[in-house]
Amino acid sequence: MIKILVADEVDLSGADRLSAKNFSVKTEFGISNDKILNNYRDYDVLVLRSIRKIDKKFLDNCKFRIIATCSKGTDHINVEYALKKGIKVLNADEGNHISAAEHTLSLMLAISKQIVLSDTLVRKDNFAFYDYQRNELFGKAVGIIGFGKVGSYVGKLCKAFGMKVYANDIDQKVKLRNKKIEFKSIDFILKNCKFITVHIPLNKKNLHFISKIFLLKINRQQIFINTSRGDVVDEKWLLKLLKSKKIYYAGLDVFSGEPAVDRGFVGLSNVLLTNHIAGKTVESRRRISESIFSQIEKSNNTFVTQ
């Protein structure tokens with residue numbers, strides 16, 4: 001019997017596919033890492049979300065053979081060390097890409113149409129006030145940095161809106177899969193696109209990838225979107241340039257040091273903030289659950305009969 005502990009609140013529909021003869025599933029939503037180590041040392045699989053941090057100390061003291069995260073990103077887990085310890089790390093590479101891409105478009109639309117301001121005006125009985133700029137997406141250029149699952153779907157949605165789509169990606173295979181897309185340098189994107197949106201994973205190489213040097217090339221007419229990870233951007237410089245209005249507007253779903261958010265962003269009128277929900281929808285939770293538990297089911301060779 002393979003014993004699975006689900007330590008964070010996730011959609012459990014994927015667990016229904018598991019054979020009751022071969023798998024047992026225990027849920028302890030929100031349990032601390034210390035209690036996991038103390039109370040579940042005989043469990044084989046740990047299922048969690050990106051809100052939980054798994055460091056070397058935890059990995060040195062746990063007996064899990066698989067750690068499965070219900071997220072695309074794995075930066076909350078010390079994956080390299082886990083692999084050295086013989087612990088397999090599973091993630092959901094595709095489950096939330098539609099949700100994340102749609103959220104990216106939502107930020108672009110909400111900023112362009114000034115949806116939040118318009119809502120505020122109506123609520124304050126100021127219905128007849130129209131003295132603020134609103135724009136179409138049609139005909140505008142969007143530069144997509146990172147053209148994987150999320151970025152390429154963003155490109156598909158942008159094309160449906162009649163936008164000019166430019167992409168940047170270091171993976172030659174990505175370029176071969178998307179021959180109809182114009183791949184450009186980041187310099188070109190930063191200088192020529194009305195919208196700049198980032199869809200790259202967080203790793204050592206991508207820490208502050210969107211650096212001060214890159215940010216200084218964005219002009220007063222451009223809109224910057226980040227729904228990937230906060231630390232791929234030099235957040236302090238982004239905040240500084242937004243404050244000085246050297247960047248027209250930003251739409252941010254992710255931040256450095258979450259769940260804490262630099263309060264400097266809160267007082268700005270040229271930034272739209274959401275609380276890391278881009279990839280979190282009812283539909284994506286279900287897809288991720290199905291993906292994760294399917295991978296667990298197929299990992300039979302990981303489990304050695306004792």
Side-chain angles (χ1 to χ4, degrees), residues 8 48-55 67-82 89-108 142-155 167-171 174 186 189-190 195-215 218 223-242 247 250-262 264-265 271-281 284-285 288:
D8 295 317
L48 48 79
R49 288 168 53 202
S50 59
I51 56 174
R52 186 178 296 272
K53 304 298 182 183
I54 301 297
D55 57 15
I67 295 177
T69 177
C70 292
S71 63
K72 180 177 181 180
T74 58
D75 50 283
H76 54 293
I77 302 171
N78 191 326
V79 177
E80 185 178 351
Y81 195 68
V89 177
L90 303 178
N91 68 311
D93 189 48
E94 298 186 18
N96 69 352
H97 72 285
I98 293 174
S99 296
E102 288 184 352
H103 193 86
T104 300
L105 263 290
S106 297
L107 291 173
M108 292 167 62
V142 57
I144 303 170
I145 300 174
F147 211 67
K149 293 290 183 181
V150 179
S152 59
Y153 200 77
V154 170
N168 177 274
D169 202 292
I170 61 172
D171 191 340
V174 170
I186 290 180
I189 286 172
L190 294 174
F195 295 90
I196 300 159
T197 180
V198 182
H199 303 283
I200 60 177
L202 176 60
N203 51 39
K204 291 179 182 179
K205 183 173 61 177
N206 287 341
L207 181 66
H208 290 184
F209 181 82
I210 306 299
S211 64
K212 169 187 173 182
I213 295 172
F214 285 171
L215 291 168
I218 301 176
I223 296 170
F224 178 80
I225 306 290
N226 186 14
T227 60
S228 56
R229 286 291 189 270
D231 283 320
V232 303
V233 179
D234 187 332
E235 193 174 85
K236 289 184 178 179
W237 265 98
L238 176 62
L239 178 57
K240 184 175 182 177
L241 293 172
L242 285 167
I247 295 176
L252 306 176
D253 182 59
V254 288
F255 306 88
S256 178
E258 292 177 19
V261 175
D262 191 318
F265 286 111
V271 61
L272 181 58
L273 310 173
T274 57
N275 55 327
H276 202 151
I277 59 169
K280 299 178 176 71
T281 59
S284 69
R285 280 167 59 91
I288 287 171

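We use all heavy atoms of the structure for the numbers below, so side chains are in, but hydrogens, waters and symmetry mates are not. Note that the structure is predicted; figures quoted are calculated from it, not measured.
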Roughly how far, to the nearest 0.5 Å, is [atom2] of [Y] from [atom1] of [X]?
X      : Y      : atom1 : atom2 : answer
Ile54  : Tyr81  : CD1   : OH    : 13.5 Å
Phe224 : Leu252 : CZ    : CG    : 7.0 Å
Asp169 : Ile200 : CG    : CD1   : 9.5 Å
Phe255 : Asn226 : CZ    : CG    : 9.0 Å
Asp262 : Glu235 : CG    : CD    : 6.0 Å
Thr227 : Ile277 : OG1   : CD1   : 11.0 Å

Contacts of [X] that satisfy salt bridge (Lys or Arg N to Asp or Glu O under 4.0 Å) - sequence neighbours left out:
X      : result
Asp231 : none
Glu94  : Lys149
Arg229 : Asp75
Lys280 : none

Sub-3.5 Å donor-acceptor pair from the side chain of [X] to the main-chain atoms of [Y], do we have one?
X      : Y      : result
Asp253 : His276 : yes
Asn96  : Ser284 : no
Asp234 : His208 : no
Asp8   : Arg49  : yes

Original post:
Does Lys205 have any side chain to side chain contact (heavy atoms under 4.5 Å, CB included) partners at least two apart in sequence or in another chain, and if so, which?
Top reply: Ile170, Asn203
Subject >> Any residue meeting side chain to side chain contact (heavy atoms under 4.5 Å, CB included) with Ser211, in chain and number order, not counting sequence neighbours >> reply: Ile213, Phe214
**OP:** Taking atom NZ of Lys53 as the centre, report whether more than 12 heavy atoms of other residues, nucleotides or ligands fall under 6.0 Å from it.
**Re:** yes
Original post:
How far apart are the C-alpha atoms of Thr281 and Ser99, what are their side-chain angles, what is the distance that settles it, and do they pass the side chain to side chain donor-acceptor pair (under 3.5 Å) test?
Top reply: CA-CA 7 Å; Thr281 59; Ser99 296; 2.6 Å; yes
Original post:
Taking it one step at a time, do Asn78 and Asp55 satisfy side chain to side chain contact (heavy atoms under 4.5 Å, CB included)?
Top reply: CA-CA 6 Å; Asn78 191 326; Asp55 57 15; 5.7 Å; no
